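Here's the structure, in structure tokens; my notes come after.
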Amino acid sequence: MSILIDQQTKVIVQGTGAQGTFHAQRNQRYGTNVVGGVHPKKGGQTWEELGLPLFPNVAEAVAETGANTSMIMVPAPFTKDAILEAHEAGIETIVTVTEGMPVHDMAVVYNTLYPRRDDGTFAKEGRPVLIGPNCPGIISPGKANVGIIPGEITMPGNVGLVSRSGTLTYQIMHELALAGIGVSTCVGIGGDPIIGSDFLDVIERFAEDDATEAIVFVGEIGGTEEQKVGRWIADHIPQTPVVAYVAGFSAPPGKQMGHAGAIVKEGGEGGETAAEKKADLEQLGIWVGGNPTETAQKMIQALGR
Amino acid sequence: MDLMEYQGKELFRSHGIPTTPRGEVTRDAAEAERLAAGFGGPVMVKAQVLTGGRGKAGGVKYCPDPSAAREAAEAILGLDISGHTTELVLVEPASDIAEEYYLSVLHDRVTKGYLVIASVEGGVEIEEVNRRTPEKVVKAELDPTRSLSDRQAREILEQAQFPAEVVDEAASLLTRLHQGFVASDATLFEINPLIKTTEGRVIALDSKVSIDGSALFRHPELEGWGDVVGGDSREAQAQQKGLQYVELDGDIGVMGNGAGLVMATLDVVNEAGGHPANFLDAGGGASAESMATGIAFVLENPEVSAMLVNIFGGITRCDDVAHGVLGAIEQIGGLDKKLVVRLDGTNADAGRDILEQAGNPNLVPAEKMDDAAQKVVELAGESR
């Protein structure tokens, strides 16, 4: 098995411009079951590069192809509507690659997809899985690739990988491959202020996946999300080998490094620097690499190889 | 994008949020005196900088007459406030303050929605109030798919124990603050202090506004508002070029695609014994042009003795990057520093071929991130 996507997954692509076409074609060549594209003005035409039909909207694409997953590559101003359209058409897994989505739009999307319960938690059960926005997507090596992750740098295996940062995900995946470690599924969740699925949403799925024996998660400075993940792992899956990497050991406090959350607040409550996160996670029994290469080496150790 | 106080107030007024009487900004002390004379009566002269703590630093002065306004502007212009040089002052009619409160609307990552924060303790840092007397800071969560009703606004203010006589006016101000916040694609609309004047009016004495940079495409009315930041720091210059850049104090230039990868690159350079001069993220989907701009910008820094470009291609294609590297070299008129370029991922082989064909001895290819870091640290040492 794998999580979220496999050979049976039927993928449509919202956003069939140059980037959408390039990556959809690459996904198709990888073996992903891409079944069509959505373009409001080109419904009924053929998506030449992929030899697939184009549909005027997601509902029609779903009705015709049985698609259950969508890859969203539309420009940022239209991303909110694209996600809501996929949701309304019954798409189960929505992978939003688009970067630069306004945070207000994402706040509306999140609260529409996952209505808030009275206790402040969000209802995610039975709702679509949203990955992203501003993320590299999902790959289950040898089975399917939905997004922009370069498939040739990894191979099938039993390690689940989840990360906030696109290119750093590739780096870690590549280091694992060089160390002879393959991946069951890799999910890039994105680094925006509000994202659909977070570390825990993905790790809970890995915990239930027969094909995933070990987990790597890649965090960064800022906030204390990594510690929350660490505590969940210690409480629920203490026997599973887990290795983390936290980017930003040399980041100065008070400076935002790209991602919305990648900032260590001056005079904060603590636990937000890479060194603090490493110490906290190690205390919880999680292995932590000091850099991508060491992270892969620690995975070898954690697996007892 | 952060706004100056005067811009924030302008935006507030456009959404019907009452503020201090409209003032004028100037970069000139004599002009400050003329402005004060024009307003008649006492004025405030306030440093316009994108940082807090202006009052403590001497950046806010009460001036009973025009000549005092001139002296105040002379003292404030050029003043360094937490590393920001004051280039602009706001001259505005002074308000008579009876009481000071705090009110803000902001984005909250945890609740994936908006927070209203209200407190009757205003005029001081809200974090400080929260630490000392958390019961005096009310935080109300709002669902972003709904508007804020007048009743809800009143409840929040009553819970925060705003005096009964100001609740009506403050509630109306809060609903407008919320509407303006949403309409402007803001991430923060903060009023500290919100004041009750001696005549009993409730107005914004200050403003702190941040706008979501990703949403500027739908705000032509804000075009150019970020440009007044000024300053000649390299970070300000980078911002104007649209670069995700943070200046650090080392001598090895670093650029990569993707914030996480760049942070990891800094870690690896550090571990190899080097000191990064900067953080520069060319973005996940960096084009040849943006690569060229970024590389040229880093190499032009006299503190930089060697540079590492670390690219893992995904949506970015390494052949595009290679063209960008060559474009940067052309842009700065040749390469006199060592430039280590590590290419991996999408079209990496094509990219490496392009760089090799250029035959530039200062252009050093690398395949692995660790090796690239080792190389750049060695080469930086050589050129010192």
Side-chain angles (χ1 to χ4, degrees), chain A residues 19 22-23 26 76-77 97 99-108 110-112 114 116 120 122 134 136 148-150 153 163-171 174-175 178 191 193-194 218 220-221 223 245 247-252 255-262 267 274 290-293, chain B residues 107-114 127 141 143-146 181-182 185-187 212-218 244 246-249 256-271 275-276 279 281 283-285 310-317 344-346 348 368-370 373:
Chain A
Q19 290 289 6
F22 178 83
H23 291 283
R26 213 162 65 140
V97 175
E99 79 176 286
M101 187 176 167
V103 64
H104 279 273
D105 288 0
M106 190 52 204
V108 170
Y110 195 95
N111 284 269
T112 305
Y114 311 119
R116 269 185 87 171
F122 294 92
N134 190 13
I148 60 172
I149 296 173
I153 58 166
S163 164
R164 241 188 243 294
S165 158
T167 47
L168 182 55
T169 313
Y170 312 157
Q171 181 68 42
H174 191 51
E175 298 282 358
L178 292 173
I194 303 177
V218 184
E220 61 194 20
I221 52 162
Y245 170 59
F249 283 95
S250 44
K255 295 279 192 186
Q256 186 181 330
M257 298 262 180
H259 287 182
N291 60 50
T293 312
Chain B
H107 258 283
D108 183 51
R109 302 164 64 97
V110 179
T111 62
K112 330 271 188 195
Y114 312 147
E127 291 87 353
E141 296 172 11
D143 182 337
T145 61
R146 296 189 191 152
F181 168 83
V182 175
D185 271 300
T187 51
D212 174 14
S214 295
L216 287 175
F217 66 86
R218 55 188 173 207
Q244 296 283 336
V246 175
E247 185 105 334
L248 302 169
D249 53 12
N257 60 327
L261 185 63
V262 183
M263 278 192 277
T265 311
L266 300 180
D267 290 350
V268 178
V269 168
N270 254 302
E271 278 185 3
H275 302 283
F279 163 100
D281 173 16
N310 186 19
I311 303 295
F312 213 118
I315 203 161
T316 295
R317 301 171 213 178
D344 221 327
T346 308
K368 285 196 68 187
M369 183 163 158
D370 298 21

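First the proteins, then the strands, lettered A, B, ... as listed; each starts at 1. Bear in mind the structure is a predicted one, so any value in this text is a computation, not a measurement.
Between chain A and the options B:G345, B:G113, B:A259, B:P144, the largest number of non-hydrogen pairs under 4.5 Å is found for B:P144. The choice from B:L216, B:T111, B:V110, B:I311 that makes the most heavy-atom pairs within less than 4.5 Å of chain A is B:T111. Note: B:T346 leads B:L266, B:T346, B:V246 in heavy-atom pairs under 4.5 Å with chain A. Between chain A and the residues B:M369, B:Q244, B:E127, the most heavy-atom pairs under 4.5 angstrom are made by B:M369. Note: B:L261 leads B:D108, B:D212, B:V182, B:L261 in heavy-atom pairs under 4.5 Å with chain A. Comparing A:I153, A:N291, A:V103 by heavy-atom pairs within less than 4.5 Å of chain B, the highest count is held by A:V103.
Of the atoms belonging to A:S250, heavy atoms from both backbone and side chain fall under 4.5 Å from chain B. In this structure, chain A has heavy atoms under 4.5 Å from both the backbone and the side chain of B:F181. Only the side chain of A:P292 has a heavy atom closer than 4.5 Å to any heavy atom of chain B. Residue A:Y114 does not touch chain B at all, counting heavy-atom pairs closer than 4.5 Å. Of the atoms belonging to A:M101, it is backbone heavy atoms, and not side-chain ones, that fall under 4.5 Å from chain B. Using a 4.5 Å cut-off between heavy atoms, A:H23 touches chain B through its side chain atoms alone.
Classification of the A:F122-A:Y110 ring pair by plane angle, with boundaries at 30° and 60°, yields perpendicular.
In this structure, B:D185 pairs ionically with B:R218, as a charged nitrogen and a carboxylate oxygen lie closer than 4.0 Å.
Closest heavy-atom contact between A:G100 and B:S214: O-CB, 3.4 Å. Summarising the geometry of A:A274 relative to A:A247, their closest heavy-atom pair is CB-O, 4.4 Å, with the distance given to 0.1 Å. Residues B:D370 and B:V268 come closest through the heavy atom pair CA-CG1, 4.1 Å. In this structure, A:A251 and A:I221 approach most closely via the heavy-atom pair CB-CD1, 3.6 Å.
In the model, B:D267 has a side-chain atom that pairs as donor or acceptor with a side-chain atom of A:Y245 under 3.5 Å. Checking B:T145 against A:N111 by side-chain atom types alone, no donor-acceptor pair falls below 3.5 Å.
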